[in-house]
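Both counts, for ligands and for their atoms, begin at 1 and track the order of listing. Each residue takes its place number in the sequence, starting with 1.
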Amino acid sequence: MIHHKIVTIERHIIEGERAHPGATGDFSGLLRDLTLAFKVIWREVSKAGLVDILGLTGNQNVHGEQVKKLDVFADETIYRAMDHGGHLCVMASEENEDVLHIPENYPTGKYVLLYDPLDGSSNIDANVTIGSIFSIYRRVTPAGRGSMQDCLQPGYKQVAAGYVIYGSSTMLVYTTGDGVHGFTLDPSIGEFLLSHENIRIPRRGKIYSVNEGNYRWWFDPVKKYVKYLQEEDKATSRPYSARYIGSLVGDIHRTLLYGGIFMYPGDSRNPDGKLRLMYEGNPMAFIVEQAGGKASNGERRILDIQPTKLHQRTPLFIGSEEDVTICEEFLQGKRDLQQRAAS
Ligand code: AHG
Ligand code: MN
Ligand code: MN
């Protein structure tokens with residue numbers, strides 16, 4: 001009987017920390033508290049249809065979007081799981097305009113957590129895949145209570161990033177800069193167990209993912225790039241399929257495993273697009289780059305963007321390295337439909 005190693009996320013972090021001398025074990029404590037929050041959210045998500053937490057709260061969030069009860073529940077669950085462990089100096093959430101401070105009576109730590117507590121909320125009532133996204137930095141202020149300055153760091157400074165996908169099974173996918181690893185929740189023991197070690201994204205895929213309902217507002221280069229993907233290329237017979245879930249976590253997870261490209265472009269209505277840099281663009285860019293892929297705002301690497309506002313938006317073109325590179329060539333006017341032969 002071959003005993004497969006049972007690798008929980010804690011064991012994975014601790015073994016990872018041993019490889020990183022100087023790690024204080026502080027980080028594994030942070031991840032443990034965070035995974036507890038995700039298990040509590042999973043429990044609510046998996047019975048959402050049974051209890052009255054569907055539907056709207058009647059409130060709007062900072063972006064003027066209708067807030068569903070599960071968003072609020074997830075937001076509070078993560079904050080309450082993380083406010084007392086002494087690992088963080090400050091937090092920031094999609095659901096809160098300003099930064100979230102650690103209560104006076106709790107110790108502060110050296111990390112910063114930014115999170116999207118519930119991603120894909122428009123899909124909640126239809127039982128379509130939703131998720132949670134997190135992004136972790138080291139603090140830049142010296143000590144005590146953290147500040148906005150600790151939160152507004154460029155993405156390449158992240159020490160960890162990950163997401164939970166509440167789908168047919170619930171998975172946690174994360175990176176600490178040493179590859180991307182996936183853990184599947186075993187509900188019978190309530191543990192995330194290592195199931196996808198060292199995920200690598202294919203260098204090129206055959207799926208593109210974008211909300212074509214926005215076609216009339218797209219800038220021409222985006223229209224040309226999508227037309228390029230839709231035309232069968234005799235040389236490489238590369239007809240792409242279209243897949244769009246409408247939950248960033250679902251669309252990115254599929255792109256990570258199958259390859260291809262996900263796009264949320266800027267357009268004539270919203271030049272910066274819809275997705276938020278700090279708790280959607282940056283964590284997903286860190287993960288996809290660590291898996292061998294690429295993430296761009298059309299002109300530059302997402303992780304190199306110096307943020308100025310907590311909730312600032314960014315266009316996002318992310319996925320297989322070759323797909324994103326060809327997309328950027330269209331966006332930067334270096335490639336046109338006539339140049340099909342190139343690939
Ligand atoms: P959130 O639910 O956290 O606000 O995120 C929703 C985002 C993202 O999950 C998804 O990629 C995008 O909204 C879909 O937007 P459209 O419905 O405009 O395509
Ligand atoms: Mn989101
Ligand atoms: Mn959200």
* Please could you name the atoms of ligand 1 that Y244 approaches to less than 4.0 Å, counting only its heavy atoms? => 14 (C), 15 (O), 16 (P), 19 (O)
* Asked: Counting from 1, what ligand 1 atoms have a heavy atom of L248 closer than 4.0 Å?
  -> 8 (C), 9 (O), 10 (C), 11 (O)
* Asked: Charged N to carboxylate O under 4.0 angstrom, D251 versus R254?
  -> yes
* Inspect the contact between R145 and E104 and indicate whether a charged nitrogen and a carboxylate oxygen are less than 4.0 angstrom apart. => yes
* Please verify whether a non-hydrogen atom of R276 lies at under 4.0 Å from ligand 1. => yes
* Geometric class of the Y240/Y208 ring pair [parallel <30°, tilted 30-60°, perpendicular >60°] -> tilted
* S121: numbered ligand 1 atoms lying under 4.0 Å from its heavy atoms -> 1 (P), 2 (O)
* Asked: Hey, which atoms in ligand 1 end up nearer than 4.0 Å to a heavy atom of N211?
  -> 16 (P), 18 (O), 19 (O)
* Asked: Would you call the rings of Y174 and F183 parallel, tilted or perpendicular if under 30° counts as parallel and over 60° as perpendicular?
  -> tilted
* Asked: Does the distance from a Lys or Arg side-chain N to an Asp or Glu carboxylate O, for K294 and E322, drop under 4.0 Å?
  -> no
* **Aromatic plane relationship, F330 with Y228 - under 30° parallel, 30 to 60° tilted, over 60° perpendicular** => tilted
* Is the distance from the Mn ion (ligand 2) to some N, O or S atom of E94 under 2.8 Å? -> no
* For residues L303 and E289, determine if any side-chain heavy atom of one lies less than 4.5 Å from a side-chain heavy atom of the other. => yes
* What's the OD2-the Mn ion (ligand 2)-OE2 angle here (D116, E280), rounded to 10 degrees? -> 110°
* What atoms of ligand 1 come closer than 4.0 angstrom to any heavy atom of G246? -> 9 (O), 10 (C), 12 (C), 14 (C)
* To do: Measure from the Mn ion (ligand 3) to each N, O or S atom of G120 and report whether any distance is below 2.8 Å.
  => no
* Please say whether E94 places an N or O atom under 3.5 Å from an N or O atom belonging to ligand 1. => yes
* To do: For D119, take its heavy atoms, then give the atoms of ligand 1 lying under 4.0 Å from any of them.
  => 1 (P), 2 (O), 3 (O), 5 (O), 6 (C), 8 (C), 9 (O)
* Indicate yes or no: does R335 engage E329 in a salt bridge with an N to O separation below 4.0 Å. => yes
* For ligand 1, which atoms have a heavy atom of K274 less than 4.0 angstrom away? -> 12 (C), 13 (O), 14 (C), 15 (O), 16 (P), 17 (O), 18 (O)
* Output yes when the distance from some N or O of ligand 1 to some N or O of L275 is under 3.5 Å, and no in every other case. => no
* Looking only at distance, does L118 have an N or O less than 3.5 Å from an N or O of ligand 1? -> yes
* Decide whether the shortest distance between a heavy atom of G120 and an atom of ligand 1 is less than 4.0 Å. => yes
* Close-contact set for ligand 1 against D116 heavy atoms, below 4.0 Å -> 3 (O)
